[in-house]
Amino acid sequence: MLDPQLLRNSLDEVAEKLLIKGYQLDKNEFSELESQRKALQLQVESLRGNRNIESRKIGLAKAAGEDIQPLLDAVASMGNELKSSEIALDSLQEELHELLAGLPNLPHESVPAGKDENDNIELRRWGEVKEFSFEAQDHVGLGAFKGMDFETAAKITGSRYVVLEGELAAMHRALTQFMLDTHSRKNGYTETYVPVIVNADSLRGTGQLPKFEEDLFKLNTEHDNYLIPTAEVPLTNILRDEIISADQLPFKRVAHTPCFRSEAGSYGRDAREMIRQHQFEKIEMVQARRAEDSWQALEELTGHAEGILQALGLPYRVVNLCGGDLGFGAAKTYDLEVWLPGQQAYREISSCSNFESFQARRMQARWRNPETGKPELLHTVNGSGLAVGRTLVAVMENYQQEDGSIVVPEVLRNYMGGVEKILA
RNA sequence: GGAGAGGUGGCAGAGUGGUCGAAUGCACCGGUCUUGAAAACCGGCAUAGGUUUGUAGCCUAUCCAGGGUUCGAAUCCCUGCCUCUCCGCCA
C-alpha cells in the first residue's frame, strides 16, 4: 500500500509514476473521495467531541446528586446525527481504502520504461553457454527414462504435476539441501520452517490479496485458508503487526517450502514441461531492513541467488524488469534467467525484488528507531534462491552427455551419496 | 471433537458502567548523588488518524476482533478468533 499522505500531497507525481507501471490512476475520483472524507471526518469527530463533553457532565451531576433529566433531554437528539454521519464516514473510508489497496507500488527511478518482457534490460551475463557436439535434448526427453513422469502425476492428480523417482528425486532433494545450507550457513539467513497454509490476512499483507485470488489455491475449510504461492508470504508475515527492536535487524530468513499456483490460463509448451507446475519447491530468502539499507540489501540478496547458480556452474543472465513487467508490490525487480540448452533460451529461475515500505505498510511491520524512539516502517526485500524444479531442469539440460546421462555437479555429490552421474 | 478458564501498555498485573489512555511493579530513557558503576531518589515513557507551516497545541479512536445495549463501555450482552487446563483421537 502506498502512503496516503503521498497521494494527498503529490497526486500528480504518483499518477505519473503509476503510469510507468501501466496503471492509470483516476485523479478526480481520488480527490473527490478525499475531500468528502475530510469534511465527514471533521464532522464526526466534532460530534463525538460534543457528546463526550455532555456525557461527562451527566456523570458529574449524578455523582453530585443533582437531577440529570434536563441533561439527558439535551443530549437525546445527538445520537441520531452522529450515527448517520458515522455510517457515511465508514463506507467512504472503506471505498478509499479499497482504492488505495488496489494501487500498485511506485517503481524505483532506475526501473526502465516499457510495457512487457521485451523491454526488460539485460544487465550482465555469467558463465559460458556450452556448445554441444550433439543435439541437446530438453529435460522432458532426458527425464523420460530416468524417473521424470508426467503421465503418472496426471493420473494421480491432473496436468501440471510431476512424479520424480530415483536419482532425479535425489538430485531434486540435494538441490534444496545445498541451497538451504548455503543461505543459512554462509549467507547469514536464519533457516525457518513455516506453515504452507495461510490465512487471508497474511496474503493481504504481502499483496496477493485482494487482487490476485484467482492465482491461489483456496481451501474448502470454514476459515479463509489458502495454500501459499511462495514462502515469501509466511516468512514476511512473521513481522505483521510487530515492532521489532534495532538489534533484531537485519531480519534475514530463508525457508524451503512447496509452492502452489493455480495458474489459470494456458502457457502452451510450459504446461507440458517441468517449468510451470501447480506445485513446485522453492527456497525463498526474505530480508527486512531499515529504509536506508534496502537498496543495498536487494543487490546483496540478488548476489546470494547468483551464488547458487555459479556454484552449480549454470550460465545465466540478470535482467532489470521494466515498469510494465514489474509485479504489483515491487519497486524494482531483478530476474535471474538460466540458460536452457534444450530450449536455446534463458528462462526465469529467480526473481529478486525490493518492496520498500509497500508490504510493511499493509501489514504494519515496523522497527523502533532508538534515535527517535519512534516506530518506523521496515522495507522488505525478497527473492528465490532458487526455484528448485527449474534448477533441476537446468542442471539436467546443461550437464547432459551424448549418451543421455547427466553428470552430477560437484557441489551436489555429497548430498547424493557420492553419485557422479545419472545414467541414461 | 467434549468440558472448563482466560485474552488489559515492551513484560508482569490492578481495574465490573461516569474526567480510565488506564493503578502498581519491572524494563527502558533523562537527571541528582558517585572518581566510575550499582543502590537510592526525582522526572519521563503507547499507537494510529485528523487539524495545523509545525517533531507545539487541540480533537478523535484504540484495553483480542466485529456487532449490540447506554447520555456514557476496559467494565454489561452476542458472535468470531486466539491461548491455557482436563478428557478423547492421532503422525
Side-chain angles (χ1 to χ4, degrees), chain A residues 1-10 30-31 33-101 193-205 209 219 221-226 234 237-249 251 258 291 357 359-378:
Chain A
M1 198 159 82
L2 297 174
D3 184 356
Q5 298 283 7
L6 191 67
L7 265 94
R8 282 176 212 151
N9 300 331
S10 328
F30 178 81
S31 310
L33 282 173
E34 178 54 26
S35 70
Q36 283 178 30
R37 189 227 92 226
K38 203 172 196 169
L40 255 179
Q41 184 163 341
L42 234 49
Q43 190 190 352
V44 164
E45 288 186 358
S46 83
L47 284 170
R48 276 208 276 246
N50 289 340
R51 184 206 60 194
N52 289 346
I53 290 167
E54 295 307 314
S55 292
R56 234 166 266 157
K57 281 188 199 159
I58 293 173
L60 290 172
K62 208 172 169 186
E66 293 165 18
D67 179 16
I68 60 167
Q69 195 53 46
L71 289 168
L72 285 178
D73 294 341
V75 146
S77 63
M78 287 176 85
N80 292 334
E81 193 186 356
L82 177 59
K83 195 99 202 167
S84 64
S85 304
E86 277 178 335
I87 290 169
L89 180 62
D90 278 353
S91 76
L92 195 63
Q93 269 176 333
E94 196 172 320
E95 206 175 329
L96 257 173
H97 185 265
E98 264 171 41
L99 194 151
L100 221 51
Y193 174 80
V194 290
V196 299
I197 292 174
V198 295
N199 58 34
D201 282 341
S202 292
L203 289 159
R204 270 190 286 273
L209 288 179
L219 298 178
T221 55
E222 60 182 300
H223 307 291
D224 279 347
N225 286 151
Y226 300 79
N237 275 280
I238 288 173
L239 296 170
R240 173 153 54 89
D241 295 322
E242 299 288 336
I243 301 173
I244 63 173
S245 61
D247 58 21
Q248 289 175 273
L249 291 172
F251 174 94
S357 59
Q359 294 180 324
R361 185 171 293 105
R362 290 176 156 235
M363 65 179 129
Q364 288 300 300
R366 293 169 293 174
W367 68 289
R368 193 175 294 278
N369 187 339
E371 280 165 34
T372 59
K374 296 291 173 196
E376 295 178 15
L377 288 172
L378 289 159

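Every chain is numbered from 1, with letters handed out A, B, ... down the list of sequences.
- When the nearest nucleotides of RNA chain B are assigned to A/Ile243 and A/Gly49 by heavy-atom distance, the more 5′-ward of the two goes with A/Ile243.
- Nucleotide B/rA37 has no partner under the Watson-Crick or G-U criteria, as no pair reaches both atom distances under 3.5 Å.
- If you take atom C1' in B/rC11 and the same atom in B/rC86, they sit 29 Å apart, rounded to whole Å.
- Put simply, CD on A/Gln41 is 19 Å from P on B/rC58, counting in whole angstrom units.
- When the C1' atom of B/rG10 is taken as reference, atom CH2 of A/Trp367 falls 17 Å away, rounded to whole Å.
- Taking a cutoff of 4.0 Å between a charged side-chain nitrogen and a carboxylate oxygen, A/Arg48 and A/Glu86 qualify as a salt bridge.
- Look at A/Arg368 and you won't find any side-chain N or O under 4.0 angstrom from OP1 or OP2 of B/rA46.
- Residue contacts for A/Leu42: at a heavy-atom cut-off of 4.0 Å it reaches the sugar-phosphate backbone alone, with no base atom in range.
- Figure legend. B/rU19 is base-paired to no nucleotide; pairs are counted as Watson-Crick or G-U wobble with both atom distances under 3.5 Å.
- Here the separation of B/rU75 from B/rC90, taken at their P atoms, is 42 Å to the nearest Å.
- B/rA61 and B/rA3 are spaced 39 Å apart, taking the P atom of each and rounding to whole Å.
- Atom CG in A/Asp241 sits roughly 15 Å away from atom P in B/rC82 (whole-Å rounding).
- Here the straight-line distance linking atom CG of A/Leu42 with atom CZ of A/Arg37 works out to 9.0 Å at 0.5 Å rounding.
- Where A/Ser46 and A/Arg8 meet RNA chain B, the nucleotide closest to each residue was compared, and A/Arg8 sits on the side nearer the 5' end.
- Side-chain N/O atoms of A/Asn52 and A/Ser55 include no donor and acceptor closer than 3.5 Å.
- B/rC76 and B/rG68 make up a base pair, with Watson-Crick or G-U wobble contacts both under 3.5 Å.
- Between the side chains of A/Gln248 and A/Ser245, a donor-acceptor pair is found at a separation under 3.5 Å.
- Side-chain atoms of A/Asn369 and A/Glu376 include a donor-acceptor pair closer than 3.5 Å.
- In this structure, A/Gln364 places its CD atom 9 Å from C1' of B/rU47, rounding to the nearest Å.
- Between B/rG21 and B/rG6, the two P atoms lie 26 Å apart (nearest whole Å).
- Straight-line distance from the CG atom of A/Asn50 to the C1' atom of B/rU19: 16 Å, rounded to whole Å.
- Distance, A/Asn225 CG to B/rC82 P: 9 Å, rounded to whole Å.
- Rounded to whole Å, the separation between the P atoms of B/rC33 and B/rC42 comes to 16 Å.
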Atom pairs, protein N/O to nucleotides 69-73 of chain B N/O, distance under 3.5 Å:
from	atom 1	to	atom 2	distance (Å)
B/rC71	O2'	A/Ser55	OG	3.0
B/rG72	O4'	A/Ser55	OG	3.2

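- Atom CZ in A/Arg366 sits about 7 Å away from atom C1' in B/rU47, given to the nearest Å.
- A salt bridge is defined here as a Lys NZ or Arg NE, NH1 or NH2 lying under 4.0 Å from an Asp or Glu carboxylate O, and A/Arg51 with A/Glu54 fails to meet this definition.
- If you check B/rA27 for Watson-Crick or wobble pairing at under 3.5 angstrom, you find it has no partner at all.
- Regarding A/Arg48, its CZ atom lies at a distance of 11 Å from the C1' atom of B/rC59, rounded to whole Å.
- Nucleotide B/rU83 has B/rA5 as its partner under the Watson-Crick or G-U criteria, with both atom distances under 3.5 Å.
- Partner assigned to B/rU52 is none, using Watson-Crick or G-U wobble distances below 3.5 angstrom.
- Remark: A/Lys62 NZ to A/Asp67 CG distance equals 12.0 Å, nearest 0.5 Å.
- Nucleotides B/rU16 and B/rA74 have their C1' atoms positioned 10 Å apart, rounded to a whole Å.
- A/Gln5 comes within 4.0 angstrom of the backbone, heavy atoms only, and of no base.
- Using the Watson-Crick or G-U wobble rule with both distances under 3.5 Å, B/rA61 pairs with B/rU47.
- Between the C1' atoms of B/rG68 and B/rG10, the separation comes to 33 Å (whole Å).
- Salt bridge status for A/Arg366 with A/Glu242: absent, with no side-chain N to carboxylate O gap under 4.0 Å.
- Rounded to whole Å, the C1' atom of B/rA12 lies 16 Å from the corresponding atom of B/rC63.
- Side chain of A/Asn237 to backbone of A/Ser202: a donor-acceptor contact under 3.5 angstrom is found.
- For A/Pro375, whose side chain is taken as the heavy atoms from C-beta onward, the closest listed nucleotide among B/rG50, B/rU51, B/rU47 is B/rU47.
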